[in-house]
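Down below is the structure, laid out as structure tokens.
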Amino acid sequence: MYEKKLFITGATGYIGGEILHQILQSFPTFEVTALVRSVEKGELIEKRTERKVKTVIGSLDSLDLIRKETELSDVVINTASNNHLASLEVIKSVLSKKTSETLFIQISGTGVITDSMDPEKYTPDKVYDDVKDIEEINSLDDSQPHRQADKLTLSIEETNPQFVKTAIVSPPTIFGISNGYDRKYSIQVPLLAIETVKVGYSFTVFKGDTRWSHVHIYDVGSLYVSIIKKFIEKEDFRSGHFGYYFTNDGTDFTWKEITTRVVEALYSRKLIKSKEIRELSPKEVDEIFHLPPLFWGANARTKAEAGRLLGWIPVKSTDSDFLSAIDTSIEYLEKHGLLGPGNQ
Ligand SMILES: NC(=O)c1ccc[n+]([C@@H]2O[C@H](COP(=O)([O-])OP(=O)(O)OC[C@H]3O[C@@H](n4cnc5c(N)ncnc54)[C@H](OP(=O)(O)O)[C@@H]3O)[C@@H](O)[C@H]2O)c1
């Protein structure tokens with residue numbers, strides 16, 4: 001007899017894979033269903049989880065499927081997108097009518113608190129605390145990245161507070177290799193390394209003095225486990241309008257410091273011929289590197305207190321973990337043939 005039914009999206013992804021891996025370890029009696037986008041990905045997930053996970057094929061646009069799986073599940077986890085409003089509307093409509101206790105956890109990201117890419121308008125000292133600054137976080141401007149999805153998620157629990165709990169997990173720069181099943185590397189640092197090798201030199205947006213907080217992928221997964229434990233043990237935890245969880249630890253390095261480390265690691269592996277880092281405008285980053293400059297050109301600094309109130313303790317996100325993971329990520333990318341002209 002299964003204890004709970006859990007439905008997860010994004011299970012082949014970097015974040016979703018790590019979460020799924022930790023859920024299978026921590027909750028072996030759960031019946032888990034994963035949304036995948038193809039028969040091949042379904043077979044991959046089922047095989048690599050030793051058939052502990054059932055898959056259903058569709059996308060976030062398969063609204064009837066999302067509706068059905070949300071109706072059937074006690075725990076719903078969306079890691080496939082922090083922007084897809086149509087699927088969130090369907091999840092909201094199902095959850096508003098539920099008559100059994102259900103937890104929904106939506107992925108966000110600290111892009112939502114980024115400041116301007118104009119150095120004249122930077123707010124480098126601003127750090128958002130997910131407990132003390134919750135009202136400010138819940139009133140961010142609608143134009144901020146993935147704010148619309150956050151807002152929609154925040155409106156769900158109040159439609160059915162007797163049966164529904166929601167949480168938003170909003171990670172900063174995630175680093176480290178995921179224990180997941182398909183894509184195992186992150187976005188910001190790996191993309192910087194991949195494109196630096198392609199172009200032959202690296203960049204900072206202007207002087208590179210902006211900062212994002214950071215977290216190891218393992219500690220993101222363990223936060224999900226902490227939230228789910230509170231839910232199944234029927235203990236109080238911050239949810240709904242208060243259920244906004246940042247996930248960082250350690251020092252917020254500048255992108256200049258991080259880029260310097262990336263370049264040194266690439267140079268020592270003979271993947272680039274010089275350690276040149278050019279100061280570029282956001283437009284130049286877009287045109288030359290084909291990368292979204294916001295990831296390296298704005299500040300997004302957080303203090304993850306809400307998770308600590310649950311008893312969550314990050315264990316792999318220290319400064320030395322972060323810096324050494326830059327080298328291990330580059331080693332991983334090289335080993336898997338992802339560093340070189342034309343690769344991604
Ligand atoms: N990595 C970070 O540092 C970070 C930090 C904060 C927030 N985030 C956000 O977290 C989310 C997940 O990030 P990630 O790094 O795990 O990305 P990822 O590795 O690219 O994984 C995305 C996952 O979602 C699936 N997916 C994408 N679009 C879908 C759709 N329309 N329908 C169904 N499935 C879909 C992908 O399936 P396929 O295998 O079929 O492609 C994959 O399983 C993104 O919204 C990202 O912006 C990431």
Side-chain angles (χ1 to χ4, degrees), residues 5-27 30-49 52-63 65-70 72-73 75-92 94 103-112 145-146 148-150 152-153 156 166-188 190-191 215-225 227-228 245 247:
K5 289 190 177 198
L6 183 144
F7 175 55
I8 184 166
T9 71
T12 49
Y14 174 65
I15 298 177
E18 176 70 36
I19 293 167
L20 180 56
H21 174 78
Q22 292 196 33
I23 282 169
L24 294 177
Q25 288 192 326
S26 299
F27 308 105
F30 276 22
E31 179 182 356
V32 179
T33 303
L35 178 76
V36 289
R37 289 200 278 187
S38 66
V39 174
E40 293 72 27
K41 295 246 175 181
E43 180 54 25
L44 180 149
I45 286 287
E46 292 190 11
K47 201 169 156 198
R48 293 189 181 168
T49 60
K52 289 178 190 145
V53 171
K54 189 180 92 180
T55 56
V56 287
I57 295 160
S59 75
L60 289 177
D61 294 310
S62 310
L63 299 181
L65 186 56
I66 304 271
R67 182 177 294 109
K68 181 177 156 215
E69 293 301 331
T70 305
L72 290 173
S73 302
V75 179
V76 177
I77 296 179
N78 179 30
T79 70
S81 169
N82 51 20
N83 269 320
H84 197 278
L85 301 184
S87 55
L88 282 175
E89 288 285 6
V90 165
I91 290 170
K92 178 176 178 177
V94 173
L103 169 68
F104 172 52
I105 310 179
Q106 165 68 2
I107 191 75
S108 181
T110 59
V112 74
H146 32 89
Q148 299 293 341
D150 279 9
L152 187 45
T153 307
I156 295 176
T166 64
I168 295 176
V169 173
S170 190
T173 298
I174 311 179
F175 67 92
I177 302 302
S178 166
N179 283 306
Y181 306 94
D182 192 12
R183 182 173 161 127
K184 290 168 91 70
Y185 58 94
S186 189
I187 300 171
Q188 280 157 300
L191 283 189
V215 69
H216 191 281
I217 183 65
Y218 173 84
D219 291 327
V220 177
S222 71
L223 176 65
Y224 278 76
V225 170
I227 297 171
I228 296 168
Y245 292 85
T247 66

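- The structure places OG1 of T70 at 9.0 Å from CZ of R67, a figure rounded to the nearest 0.5 Å.
- Considering every non-hydrogen atom in both V169 and P171, the closest pair reads O-CD, 3.4 Å.
- For the atom pair CG of L63 and CD1 of I91, the computed distance is 9.5 Å after rounding to the nearest 0.5 Å.
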Is there a side-chain contact (heavy atoms from CB on, under 4.5 Å) between I77 and I228? Walk through the geometry before answering. CA-CA 10 Å; I77 296 179; I228 296 168; 4.0 Å; yes

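- The OH atom of Y224 lies 6.0 Å from the CD1 atom of I105; values are rounded to the nearest 0.5 Å.
- Smallest separation of non-hydrogen atoms from Y14 and G176: OH-O, 2.8 Å.
- Atom CG of residue L20 and atom OG1 of residue T79 lie 9.0 Å apart, to the nearest 0.5 angstrom.
- Here the CD1 atom belonging to I156 is positioned 5.0 Å from the CZ atom belonging to F104, to the nearest 0.5 angstrom.
- Separation of atoms CZ (R48) and NE2 (H21) is listed at 13.5 Å; rounding is to 0.5 Å.
- Residues L60 and N78 meet the side-chain proximity criterion, which asks for heavy atoms closer than 4.5 Å.
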Can F27 and V32 be said to form a side-chain contact (heavy atoms from CB on, under 4.5 Å), step by step? CA-CA 10 Å; F27 308 105; V32 179; over 6 Å; no

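- Looking only at side-chain heavy atoms (C-beta outward), S178 and R183 stay at 4.5 Å or farther from each other.
- The main-chain N or O of L65 is never found under 3.5 Å from a side-chain atom of S62 such that the two would form a donor-acceptor pair.
- In plain terms, the two heavy atoms of K5 and E31 that are nearest each other are CE-OE1, 3.2 Å.
- Under the salt bridge (charged side-chain N to carboxylate O under 4.0 Å, His left out) criterion, the residue pairs touching residues 35-45 are K41-D182, E43-R51, with sequence neighbours excluded.
- Each of I227, V225, D219 was compared with L223 under the side-chain contact (heavy atoms from CB on, under 4.5 Å) criterion, and only I227 meets it.
- Between N82 and I107, the shortest heavy-atom contact is CB-O, 3.3 Å.
- Listed by chain and residue number, H214, H216, F322 satisfy the ring pair (Phe, Tyr, Trp, His ring centres under 6.0 Å) test with F175 (two or more places apart in sequence, or in another chain).
- Considering all non-hydrogen atoms of both residues, S73 and L6 come closest at OG-C, 4.3 Å.
- Using a 4.5 Å heavy-atom cutoff, the side chains of I177 and I217 are not in contact.
- For the pair I174 and S186, the tightest heavy-atom approach, listed with the atom from each and the gap, is O-OG, 2.8 Å.
- For Y218, there are no ring pair (Phe, Tyr, Trp, His ring centres under 6.0 Å) partners two or more places apart in sequence or in a different chain.
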Item to complete: Could you give me the CA-CA distance, side-chain angles and deciding distance for L152 and K92, then say whether side-chain contact (heavy atoms from CB on, under 4.5 Å) is met?
Response: CA-CA 8 Å; L152 187 45; K92 178 176 178 177; 4.0 Å; yes

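- L72 pairs by the side chain to side chain contact (heavy atoms under 4.5 Å, CB included) definition with K68, E69, not counting sequence neighbours.
- The side chain to side chain contact (heavy atoms under 4.5 Å, CB included) test applied to A149 returns L85, L88, Q106, not counting sequence neighbours.
- With sequence neighbours left out, S170 forms a side chain to side chain contact (heavy atoms under 4.5 Å, CB included) with S108, T110, V112, Y244, F246.
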